Amino acid sequence: MPVNKGILLASRPGAGAKATAENFQLFERPAPEPEPGQVLVRNEYLSLDPYMRGRMDDAKSYAAAQPLGEVMIGGTVGEVVASRHQNFAVGDKVVGMGGWQLYSISDGSFLRKIEPNDIPIQAWLGVLGMPGVTAWYGVNRIIEPKPGETLVVSAATGAVGSVVGQLAKAAGARAVGIAGGAEKCAYAVETLGFDACVDHRAENLYELLKAATPKGVDGLFENVGGKCFDACARRLNDFARIAICGLVASYQVDEPSALRDLRVVLVKRAKIQGFIIFDHLPLWPQALGELAGLIGAGKLRWRESVAEGIEAAPAAFLGLLEGKNFGKQLVKLR
């Protein structure tokens, strides 16, 4: 059998501590052989996502903690290279949760075939994967933007935020992004079609956001929390809708991501809803169909940051938590 390489969670960061490269360990061993009802997948790309940081801690959350000494959890896309499962054949391209490793065994749970098309295979980890569906659900099921309204999204050039803004535009709304740095803000406006983008690194964040949202904010798609959330809260219109899918500003620091003044929710009669996209699996086919249609029509663009080799995964992940990625963060495994 071929040699499998991957990354284990060797230790937890500890309360209030940042994750570091020392929390991860590289392993190398023979690839497993599939048993009856299983397939062996050679992973081609690994998805790195902010939620993984929360799983590294042994704390109560919406999902179980990442076990120590086991392969780090993560979405993958690849090819079936050995099959003892009736629904999968050698050569099938599949997307699943293979983790941070070159080869993975699956019993078919959470493993989906990818129909051949002109879309790059790694897009099934981004715009046509969990990030894209997350954006679709938050926009269409929580915020429900109307033509002429203003929707603001933080981490606007990330895997989720970039899709959020484009979906808002497709709905006839005004899209305003918040991103880190002039290059990302320019990309949001010039390539993704946002109406405006504000640099969260600027000292006058609120003033810039006020200028970019002269009619206030009707919808907020929150990926970051912290000062971005506070600034947007001060711009909310009556009956604003807020979808919270991430709070990455607090993932590497021991500080809660709190709303500074809760009165705004009462005064503006705002709706706030947190969501986890895996609670809505029955809607994935509809979401993926609509997203694929937008791609086919040339109305949905995306960008990727790609690290090379499984050994590069820890550094790429830590960079993601610091906002060093541009677009969807991937690791190319072959």
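What you are looking at is a predicted structure, and each value in this text was computed from that prediction instead of being measured.
Taking 4.0 Å as the cut-off between side-chain N and carboxylate O, Glu79 and Arg334 count as a salt-bridged pair. A salt bridge links Glu44 to Lys93: at least one charged side-chain nitrogen sits closer than 4.0 Å to a carboxylate oxygen. Ion pairing between Lys169 and Asp195 holds under the 4.0 Å rule for side-chain N and carboxylate O. With salt bridges taken as basic N to acidic carboxylate O contacts below 4.0 Å, none links Asp218 and Arg235. The pair Glu304-Lys332 does not count as a salt bridge, with every side-chain nitrogen at least 4.0 angstrom from each carboxylate oxygen. Between Glu149 and Lys215 there is no salt bridge, since no side-chain nitrogen of the basic residue lies less than 4.0 Å from a carboxylate oxygen of the acidic one.
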Could you walk me through whether Met56 and Asn23 pass the side-chain contact (heavy atoms from CB on, under 4.5 Å) check?
CA-CA 9 Å; Met56 293 174 69; Asn23 296 128; 3.9 Å; yes

Could you check Val95 against Leu125 for side-chain contact (heavy atoms from CB on, under 4.5 Å), going step by step and ending with a plain yes or no?
CA-CA 8 Å; Val95 60; Leu125 295 175; 3.9 Å; yes

Starting from the C-alpha separation in whole Å, work towards a yes-or-no answer on side-chain contact (heavy atoms from CB on, under 4.5 Å) for Trp100 and Ile73.
CA-CA 6 Å; Trp100 294 26; Ile73 188 173; 6.0 Å; no

Pair Phe317, Met52 - check side-chain contact (heavy atoms from CB on, under 4.5 Å), show working.
CA-CA 9 Å; Phe317 174 64; Met52 296 171 177; 3.6 Å; yes

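Cluster membership for Ile310 and Val3, using ILVMFWY side-chain heavy atoms within less than 4.5 angstrom, is not shared. Cluster annotation: Phe110 and Leu46 are assigned to the same hydrophobic cluster (Ile/Leu/Val/Met/Phe/Trp/Tyr, side-chain heavy-atom contacts under 4.5 Å, transitive). Under the 4.5 Å side-chain heavy-atom criterion for ILVMFWY residues, no single connected hydrophobic cluster contains both Val94 and Val90. Put simply, Ile242 and Tyr206 are part of two different groups of oily side chains (I, L, V, M, F, W, Y) that touch within less than 4.5 Å, one to the next. A continuous path of Ile, Leu, Val, Met, Phe, Trp and Tyr side chains, each step under 4.5 Å between heavy atoms, connects Leu281 with Ile277, placing both in one hydrophobic cluster.
Side-chain contact of Gln66 with Glu70: a donor-acceptor pair under 3.5 Å is absent, judged by distance alone.
Closest approach of Ala243 and Phe275 over heavy atoms only: CB-CE2, 4.1 Å. When every heavy atom of Ile143 is checked against every heavy atom of Gly219, the shortest pair comes out as CG2-CA, 3.7 Å. Between Asp57 and Pro13, the shortest heavy-atom contact is OD1-CD, 3.8 Å. Residues Gln122 and Val77 come closest through the heavy atom pair CA-CG1, 4.3 Å. Taking every heavy atom of both residues into account, Leu330 and Ser47 meet most closely at CD2-CA, 4.2 Å. In terms of heavy-atom proximity, Ile178 sits nearest to Cys232 at CD1-SG, 3.6 Å.
Between the side chain of Gln38 and the backbone N or O of Glu35, at least one donor-acceptor pair lies under 3.5 Å. In this structure, Asn87 contributes its side chain and His85 its backbone to no donor-acceptor pair below 3.5 Å. Lys271 places a side-chain N or O within donor-acceptor distance of the main-chain N or O of Ile142, the cut-off being under 3.5 Å. At least one donor-acceptor pair closer than 3.5 Å links the side chain of Gln166 to the backbone N or O of Arg301.
A 4.5 Å side-chain heavy-atom check between Lys227 and Leu205 finds at least one atom pair inside the cut-off. Side-chain contact between Trp136 and Val164 is absent, with no heavy atoms from C-beta onward closer than 4.5 Å. Side-chain contact between Ile7 and Pro314 is present, with heavy atoms from C-beta onward closer than 4.5 Å. Under the 4.5 Å side-chain criterion, counting only non-hydrogen atoms from C-beta, Phe88 is in contact with Leu111. By the 4.5 Å heavy-atom criterion applied to side chains, Cys197 and Val189 are counted as neighbours. The closest side-chain heavy-atom distance from Tyr103 to Val41 is not below 4.5 Å. A heavy-atom distance below 4.5 Å is found between the side chains of Phe194 and Val153. Residues Val80 and Arg42 have side chains not in contact (no heavy-atom distance under 4.5 Å, counting atoms from C-beta outward).
For the atom pair OG1 of Thr157 and NZ of Lys328, the computed distance is 13.5 Å after rounding to the nearest 0.5 Å. Separating the CG atom in Leu128 from the CD1 atom in Ile119 is a distance of 5.0 Å, to the nearest 0.5 Å. Atom CD of Glu144 and atom CG of Leu151 lie 12.0 Å apart (nearest 0.5 Å). The distance from the CG atom of Asn4 to the CG atom of Asn43 is 8.5 Å, given to the nearest 0.5 Å. Atom CG of Leu320 sits about 4.5 Å away from atom CG of Asn325, to the nearest 0.5 Å. Of the inter-residue distances, the one linking Arg269 atom CZ with Asp238 atom CG reads 4.0 Å to the nearest 0.5 angstrom.
At most 12 heavy atoms of other shown residues, nucleotides or ligands fall within 6.0 angstrom of atom NZ in Lys324. Counting non-hydrogen atoms of neighbouring residues, nucleotides and ligands closer than 6.0 angstrom, the CZ atom of Arg303 exceeds 12 such neighbours.
A ring-centre distance under 6.0 Å is not found for Trp124 and Tyr45. Between Trp284 and Tyr137, a ring centre-to-centre spacing not shorter than 6.0 Å is recorded.
The side-chain tip of Arg53 does not point at the ring of Tyr51 from less than 6.0 angstrom away and within 45° of straight on.
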